[in-house]
Amino acid sequence: EREKIIMFTVWNDTVANLTLLALGSSAPEILLSVLETLQNLDKVPGELGPSTIVGSAAFNLLCISAVCMWTLENIKKIRDFGVFLVTSFASIFAYVWVLIVLQFNSPDVVEPWEAIVTFLFFPLLVGVAYAQDRNWVWFRGGSSSPSEECSTDAGRPRRGTKIIDATLVDCTREEIKDIVKNTKDR
């Protein structure tokens with residue numbers, strides 16, 4: 001008897017990339033900024049933390065992207081263009097927001113409400129990107145159907161795709177429920 005392999009997504013790819021990957025790769029810069037801030041609570045904050053974060057982001061955006069594109073032999077396609085647009089807008093908006101806060105609203109000072117609003121932009125970004133990834137009705141102008149949820153996209157497994165003997169097979173929500181039930185019964 002041949003072995004059956006069933007693949008389930010534990011984390012949404014978009015949410016994992018925006019949270020785990022971003023925080024993991026930026027942890028040194030964030031830690032450096034927090035340590036510098038804690039050491040200078042009574043004084044004017046230093047520029048090491050923010051400069052490191054902005055410099056690292058600019059390097060990742062420009063240099064890393066350029067090296068990745070230069071080394072590619074085949075032309076690559078953006079898989080989830082809607083999510084790409086959401087995160088691109090959020091990236092540009094983040095720099096504009098920092099400029100507004102530090103230059104116009106309260107020059108050279110971050111007020112508590114500005115810090116809270118800035119922090120809340122992150123879960124908002126994750127939520128909007130997740131909604132776009134899941135094709136929620138108000139993000140694409142239509143209704144979601146089970147056949148769209150279980151389809152494959154350019155040969156890559158989508159949520160709910162069964163892999164049986166290394167062959168991709170589309171499935172319905174009912175089939176997913178049956179698979180989960182049978183897996184839990186074992």
Trp11 with Val128, same ILVMFWY side-chain cluster at under 4.5 Å: yes
Could you tell me which non-hydrogen atom of Ala129 sits nearest to which non-hydrogen atom of Val83, and how far apart they are? O-CG2, 3.8 Å
Can you check whether Glu111's main-chain N or O pairs, donor with acceptor, with Glu114's side chain at less than 3.5 Å? yes
To the nearest 0.5 angstrom, please state how far the CD1 atom of Ile100 sits from the CG atom of Asn105. 8.5 Å
With a 4.5 Å heavy-atom cut-off, do Leu125 and Phe121 have their side chains touching? no
Euclidean distance, Leu32 CG relative to Ser26 OG, rounded to 0.5 Å: 12.5 Å
Spacing of OG1 belonging to Thr118 relative to CH2 belonging to Trp97, to within rounding of 0.5 Å: 5.5 Å
Out of curiosity, does Val117 fall in the hydrophobic cluster containing Val101 (side-chain heavy atoms, cut-off under 4.5 Å, transitive links)? yes
Evaluate the criterion side chain to side chain contact (heavy atoms under 4.5 Å, CB included) for residue pair Arg134 and Asn12; output intermediate values, then yes/no. CA-CA 9 Å; Arg134 298 294 297 162; Asn12 176 280; 3.9 Å; yes
Sorted by first residue and then second, give each side-chain hydrogen bond (donor to acceptor under 3.5 Å, both in side chains) pair with at least one member in residues 121-130; sequence neighbours left out. none
Would Tyr95 end up clustered with Phe104 when hydrophobic side chains under 4.5 Å apart are linked, directly or stepwise? no
Considering the options Asn17, Thr14, Asp13, which one meets the side-chain contact (heavy atoms from CB on, under 4.5 Å) requirement together with Asp133? Thr14
Do you know which two heavy atoms are closest between Pro28 and Gly24, and how far apart they sit? CD-O, 4.3 Å
Would you say Trp70 ends up clustered with Phe59 if hydrophobic residues are merged whenever their side chains have heavy atoms under 4.5 Å apart, either directly or through other cluster members? no
dist Gln132:CD -> Phe81:CZ (nearest 0.5 Å) comes out at 10.5 Å
Do you see a donor-acceptor pair shorter than 3.5 Å between the side chains of Ser56 and Glu29? yes
Val15-Leu85 co-clustered via ILVMFWY side chain contacts under 4.5 Å: no
Taking Thr87 for its side chain and Phe84 for its backbone only, find out whether a donor-acceptor pair lies under 3.5 Å. yes
